Every structure is written in C-alpha cells, then in structure tokens.
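A quick write-up on the structure given underneath.
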Amino acid sequence: MGQVYLNGRFMPMEEARISPMDRGFLFGEGIYEVIPCHQSKLVGFSAHLARLKNGLTELEIEVTLTDQEWRDIALTLAKGHSSDYLGIYLHVSRGADNRRSHGYPDNLTPTIFAFAFDIAPPNSDGKHPGFKVVTELDKRWRRCHIKSTALLGNVMHFRQAQRQQLNEVILYNDRQELTEASSSNVFVIIDSLVVTPPLDSQLLPGVTRQLLLRILQEHSDIRVEERVVRLDELCLADEVWLTSSTKELTPVIEIDGNAVGNGRPGPLWRQAQRLFNQYKYDY
C-alpha cells in the first residue's frame with residue numbers, strides 16, 4: 001500500500017497513528033465513503049461528497065475541508081498508487097476525547113483518514129459469472145441511510161452468506177419488504193421493469209444506485225420505478241442486480257438455492273452495464 005492521508009498530512013501507512021481514545025474506535029462514531037477511481041478518473045465524486053456531508057451533519061461532526069481539498073486528497077492518493085483501478089476510502093470520526101463517556105464535548109477535532117486500495121476493473125465485456133445469494137431478516141439499526149463506520153450488523157449479515165460460500169445476503173424487513181443487501185443496493189427486474197426499493201432510513205442511498213437510475217432515465221427507454229418490493233416479487237424476478245461503488249452492477253443468478261430466470265446474467269443487465277460504463281463519469 002502506498003501513502004495514506006491523516007489529519008492534513010500524507011505519510012506511509014506504517015507511520016499513521018490514531019489515538020485509542022478516538023471516539024471512532026471507542027463508539028464507532030464516524031462516517032466513511034468509498035469513491036471509485038478508474039485511471040485517475042473519479043466516479044460519482046460529487047454524489048459521494050454530498051452523502052459524506054449529510055452524514056457528518058447528522059452526527060454533528062464539523063469538517064472544514066472544501067470540495068476541492070477532498071478531491072485533491074483523493075487524486076493525490078490515486079497518483080501515488082500502482083494500480084489503475086482503486087477505491088478511495090475517506091473516513092471521518094468525531095475525534096479523540098480525554099475520557100470515555102456517551103456524552104461528547106463540542107470542541108473535539110475530527111480525525112480525517114484516507115487511503116487507496118485496489119478494486120477489480122469495471123465489467124466491460126458484458127460477461128459476469130453472477131452472484132449466488134441468500135435472504136435474511138434485516139437485523140440492523142434503523143438509521144441505515146447514514147453511511148456509518150459502525151458496520152457490525154452488516155458484517156454479521158455478510159458473514160452468514162460467507163459461511164455458506166455465497167456472495168451476498170439480501171435483507172428484508174418484518175413486513176417482508178426488501179431493504180438492501182449487506183453491502184449493496186438491490187434492483188429487481190420484472191417484465192422488463194427495473195424496480196428498486198425507495199430511499200428511507202432502512203437503506204443506504206447508494207451512489208451507484210443513484211447514478212444508475214439517472215443514466216437509465218436519461219439515456220435509455222428502460223422503464224424504472226422506485227417502490228416497495230416484496231420478498232415474493234424477488235423470488236419471481238426475471239433478473240436481480242446488486243449495485244455498489246466497488247461492484248458497480250452485479251447480476252444475481254441464484255437466491256436461496258433457486259435460479260434467477262435461466263440462471264445466467266440477463267440481457268437487461270448487459271444493456272444497463274454498457275450504459276453505466278458509457279455515462280458514469282458524467283455525474
């Protein structure tokens with residue numbers, strides 16, 4: 001790994017030090033973003049930064065960096081890395097206090113940490129082996145719209161899929177309505193209609209989700225709809241996709257041991273992936 005950014009300085013990873021009294025460590029009080037960077041081009045930078053700022057506002061963490069300074073940090077980290085395809089990880093915690101207390105003082109200096117890591121190149125040939133997933137009742141907290149660093153619920157859900165040698169877990173609430181996956185948003189395709197659950201506190205407003213919706217609406221005749229999606233609709237879907245910054249659009253070919261459609265990535269996924277590759281740098 002190349003250099004990292006910590007509180008105004010770039011340095012080798014082995015030199016980075018964060019206090020054990022940091023509230024991000026003790027309480028999980030922090031926000032993060034992962035911004036894809038393909039050959040020095042950032043994907044969805046403005047949308048990622050807007051979500052970061054919204055989360056910081058909700059957590060009452062004040063950061064004075066400008067948009068351009070955030071961009072410079074990301075591009076500097078990318079320039080110092082050997083790979084062409086990276087995730088730029090941005091992490092802000094409330095900062096270190098001199099005592100451990102649920103109440104936090106108003107004058108803490110936030111801890112700002114960032115680094116770059118390798119990700120897989122985006123799909124460009126319309127081929128993908130597809131994911132095999134399982135479904136589970138969503139047991140996470142009720143503020144999932146905040147991209148919190150406290151991901152214990154997500155990690156525990158993902159571990160259930162991992163134990164079964166599967167790729168992901170799709171979650172649903174106690175009303176049998178889809179929320180999202182442990183690290184992805186969900187799209188369900190029924191009779192050529194692309195449907196995804198509406199944004200609320202049960203799911204993260206994914207940037208790839210946002211970009212995909214705009215691209216399909218502005219550059220195609222594919223019908224899209226944001227509405228409640230029931231678990232039984234998932235089981236009858238012609239295609240299912242997962243979206244995230246590092247996975248982009250990933251087709252799901254099996255759910256709970258049952259094939260999705262014909263058990264292969266579908267034609268609408270290939271069309272959507274081509275459109276995403278064509279327009280993703282425009283936003």
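These figures come from a predicted structure and were not determined experimentally. When a residue number appears, it is its place in the shown sequence, counting from 1.
- Salt bridge status for E248 with K280: present, with a side-chain N to carboxylate O gap under 4.0 Å.
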| So L152 and M156, side chain to side chain contact (heavy atoms under 4.5 Å, CB included) or not? Walk me through it. | CA-CA 6 Å; L152 181 59; M156 293 179 71; 3.9 Å; yes

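- A salt bridge links R51 with E33; the closest basic N to acidic carboxylate O contact falls under 4.0 Å.
- Side chain of W269 to main chain of L249: a donor-acceptor pair is present (N/O by atom type, distance under 3.5 Å, no hydrogens or angles).
- To the nearest 0.5 angstrom, L151 atom CG is 10.0 Å from W141 atom CH2.
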| task | Apply side chain to side chain contact (heavy atoms under 4.5 Å, CB included) to D118 and H81, showing your working. | result | CA-CA 9 Å; D118 292 348; H81 208 282; 2.8 Å; yes

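- Once rounded to the nearest 0.5 Å, the distance linking CG of L242 with OG of S183 reads 8.0 Å.
- In this structure, F115 has its ring center no closer than 6.0 Å to that of H91.
- Using modelled atom types and a 3.5 Å distance limit, the side chains of R214 and Q217 yield no donor-acceptor pair.
- The backbone N or O of M21 sits nowhere less than 3.5 Å from a side-chain atom of R99 that would complete a donor-acceptor pair.
- Taking 4.0 Å as the cut-off between side-chain N and carboxylate O, D191 and R223 do not count as a salt-bridged pair.
- With N167 contributing its side chain and V133 its backbone, the two residues share no donor-acceptor pair below 3.5 Å.
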| message | As a quick check of understanding, evaluate side chain to side chain contact (heavy atoms under 4.5 Å, CB included) for L199 and H145, giving each step before the final call. | response | CA-CA 8 Å; L199 296 181; H145 62 290; over 6 Å; no

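- Residue I170 forms a side-chain contact (heavy atoms from CB on, under 4.5 Å) with just one option from T135, T179, V188, and that option is T135.
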| What's the verdict on side chain to side chain contact (heavy atoms under 4.5 Å, CB included) for Y5 and T76, showing C-alpha distance, side-chain angles and the deciding distance? | CA-CA 9 Å; Y5 174 92; T76 299; over 6 Å; no

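- At a cut-off of 3.5 Å, with distance as the only test, a side-chain donor of E60 or Y104 sits close to an acceptor on the other residue.
- Side chain of N7 to main chain of I112: a donor-acceptor pair is present (N/O by atom type, distance under 3.5 Å, no hydrogens or angles).
- Side-chain atoms of E168 and S184 form a donor-acceptor pair, as typed in the model, at a separation below 3.5 Å.
- Looking at S83, its side chain never comes within 3.5 Å of a backbone N or O of L86 through a donor-acceptor pair.
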| request: Go through the steps to decide whether Q162 and R159 satisfy the test side chain to side chain donor-acceptor pair (under 3.5 Å), and finish with yes or no. | output: CA-CA 5 Å; Q162 191 178 43; R159 180 61 176 163; 2.8 Å; yes

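- N54 places no side-chain N or O within 3.5 Å of a backbone atom of E58 that could act as its donor or acceptor partner.
- Ion pairing between R270 and E239 fails under the 4.0 Å rule for side-chain N and carboxylate O.
- A side-chain donor from one of Q273 and N277 sits under 3.5 Å from a side-chain acceptor of the other.
- Residues Y172 and V229 are members of one and the same hydrophobic cluster, defined by side-chain heavy-atom contacts under 4.5 angstrom among Ile, Leu, Val, Met, Phe, Trp and Tyr.
- In this structure, a donor-acceptor pair under 3.5 Å is absent between the side chains of D138 and Q202.
- More than 12 heavy atoms of other shown residues, nucleotides or ligands fall within 6.0 angstrom of atom CD in E15.
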